[in-house]
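Just so you know, these numbers come straight off a predicted model, no measurement behind them. As the structure lists them, so they are numbered: ligands from 1, and atoms in each ligand from 1.
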Amino acid sequence: MTEQKRHALITGASRGIGAAIALELAKVGHSISVNYNSHPNDADKVVKDLINLGVEAKAVQGDVSDKKSVKDMIKSATDSLGSIDILVNNAGIISDNLLMRMKDEEFDKVVDTNLKGTYYCSKECIPSMVKQRWGRIINITSVVGIRGNIGQTNYSASKAAIHAFTYSLAKELATRGVTVNAIAPGYITTATVDVLSEKLKDHIMTWIPMKRFGTPDEISGMAAFMASEKARYMTGEVVKIDGGMAI
Ligand code: NAP
């Protein structure tokens, strides 16, 4: 089955899992909009790597937690590379604290970025997908949204809510050629995990049957599959990639 060349927007693609997904989709030949919020140099580096793979790519600044910023970012991406066929809602943050100590701002910031960001970006991209009767929405969540985690009530709630969002939107768009799926990674070696103390990493390792953290390219292959023609009958699915952590 040959893959048609599409335009993919990946939020939070300036590093980590988002950057790995951008590279994987570029290998298929898709043009890529690399969204970032605050690190333009990182995004430019990713864009350079994508162009070296022979595809069109552009960095687009935008804060996914801000509705107006999302509108402007998607307009900029669309003006440059055409309407968005594949949306990967990857941008996400943590702000860990025990609930007893959590500030309202910590809770809101995480929900606004992870959940509302997914909502704003999806809503903005859906009309053109529905019009052309083809689209892919891929949400990057977390196994913590399935099994919970101490200190992450905000983060786990935001990710679990995206699972429910995925199921509902998949039903809404099922007859329109648009699939909506999610990937729930376990612990993956990116900046998010690098900052954890060695003691905490050792403790987390006891939860993982495979006894190692994953790598971004162990997530990106599934995103490429979900974006492909081969996955056309798959919607409303949450795929865990976590070394067995949530078994
Ligand atoms: P990361 O290395 O910290 O990178 C986060 C990316 O998100 C950066 O490109 C950052 O851009 C962008 N970003 C942050 N806030 C944003 C905002 N408001 N608007 C737009 N972009 C924003 O993250 P990661 O570890 O690769 O994680 C990627 C996704 O996977 C997240 O949704 C995360 O929750 C999920 N996940 C990660 C793990 C893990 O172990 N790493 C596990 C489970 C799930 P700037 O730097 O330019 O601001």
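The option with the heavy atom closest to atom 35 (C) of ligand 1, from among Val88, Asn114, Thr141, Val60, is Thr141. The nearest non-hydrogen atom to atom 36 (N) of ligand 1, considering only Tyr155, Tyr187, Phe213, comes from Tyr155. In this structure, of Asn37, Ile140, Asn90, the residue bringing a heavy atom nearest to atom 31 (C) of ligand 1 is Asn90.
In this structure, Val143 falls outside the shell of residues with a heavy atom less than 4.0 angstrom from ligand 1. The closest approach between Ile93 and ligand 1 falls below 4.0 Å for a heavy atom of the residue. Contact analysis leaves Pro216 out of contact with ligand 1, as no non-hydrogen atom separation drops below 4.0 angstrom. In this structure, Gly186 is part of the shell of residues with a heavy atom less than 4.0 angstrom from ligand 1.
For a threshold of 3.5 Å applied to N or O pairs, the pair formed by Gly16 and ligand 1 contains no separation below that value. Among the atoms of Ser142, none of the N or O lies under 3.5 angstrom from an N or O of ligand 1. Any N or O atom pair closer than 3.5 Å counts here, and Thr190 shares at least one such pair with ligand 1. Residue contacts with ligand 1: Tyr36 is placed with no nitrogen or oxygen under 3.5 Å of a nitrogen or oxygen of the ligand (distance criterion only). Looking at ligand 1, you'll find an N or O of Ile17 within less than 3.5 Å of one of its N or O atoms. Backbone and side-chain nitrogen or oxygen atoms of Gly18 are examined, and none is located within less than 3.5 angstrom of a nitrogen or oxygen of ligand 1.
In the model, Gln61 has no side-chain atom that pairs as donor or acceptor with a side-chain atom of Asn35 under 3.5 Å. Between the side chains of His7 and Ser83, not a single donor N or O lies within less than 3.5 Å of an accepting N or O. Checked by atom type, the side-chain pair Ser14/Lys45 shows no donor-acceptor distance below 3.5 Å.
No salt bridge links Lys5 with Glu56; every basic N to acidic carboxylate O contact stays at or beyond 4.0 Å. Under a 4.0 Å N-O distance rule, the pair Lys48/Asp44 does not qualify as a salt bridge. A salt bridge links Arg212 to Glu218: one of the charged nitrogens lies within less than 4.0 Å of a carboxylate oxygen.
Of all protein heavy atoms, the one lying nearest to atom 20 (C) of ligand 1 is Gly62 O, 3.2 Å. For atom 12 (C) of ligand 1, the closest non-hydrogen atom on the protein side is Gly12 CA, 3.4 Å. Looking at atom 19 (N) of ligand 1, its nearest protein heavy atom turns out to be Val64 N, 2.9 Å. In this structure, atom 11 (O) of ligand 1 lies nearest to the protein heavy atom Ser14 OG, 3.4 Å. Considering only non-hydrogen protein atoms, atom 18 (N) of ligand 1 sits nearest to Asp63 OD1, 2.8 Å. Of the protein's heavy atoms, Ala91 CB, 4.1 Å lies nearest to atom 13 (N) of ligand 1. Counting only heavy atoms of the protein, atom 40 (O) of ligand 1 lies nearest to Ile188 N, 2.8 Å. At the shortest separation from atom 46 (O) of ligand 1 among protein heavy atoms lies Arg15 NH1, 2.5 Å.
For ligand 1, the atoms lying closer than 4.0 Å to a non-hydrogen atom of His39 are 45 (P), 46 (O), 47 (O), 48 (O). Counting atoms of ligand 1 from 1 in the listed order, those under 4.0 Å from a heavy atom of Ser38 are 45 (P), 47 (O), 48 (O). Counting the atoms of ligand 1 from 1 in the order shown, those under 4.0 Å from a heavy atom of Gly92 are 31 (C), 32 (O).
With Ser69 contributing its side chain and Asp66 its backbone, the two residues share no donor-acceptor pair below 3.5 Å. In this structure, the side chain of Asn90 does not engage the main chain of Asn139 through any donor-acceptor pair within 3.5 Å. No donor-acceptor pair closer than 3.5 Å links the side chain of Arg101 to the backbone N or O of Leu98. Side chain of Asn89 to main chain of Cys121: no donor-acceptor pair is present (N/O by atom type, distance under 3.5 Å, no hydrogens or angles).
Ring orientation note: the planes of Tyr187 and Phe213 are tilted relative to one another, at an angle of 30° to 60°. Using cut-offs of 30° and 60° for the angle between ring planes, the His203 and Trp207 rings count as perpendicular.
Of all the heavy atoms of Asn35, the ones lying under 4.0 Å from any atom of ligand 1 belong exclusively to the side chain. Only the side chain of Val193 comes within 4.0 Å of ligand 1, judged by heavy-atom distances.
Figure legend: cation-pi geometry between Arg232 and Trp134 absent, as NZ or CZ is not positioned both under 6.0 Å from the six-membered ring centre and within 45° of its axis.
Between the CD1 atom of Ile93 and the OG1 atom of Thr113 there is a distance of 3.5 Å, given to the nearest 0.5 Å.
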Chi angles and distances behind the side chain to side chain contact (heavy atoms under 4.5 Å, CB included) call for Ile32, His30:
CA-CA 6 Å; Ile32 313 283; His30 299 314; 4.3 Å; yes
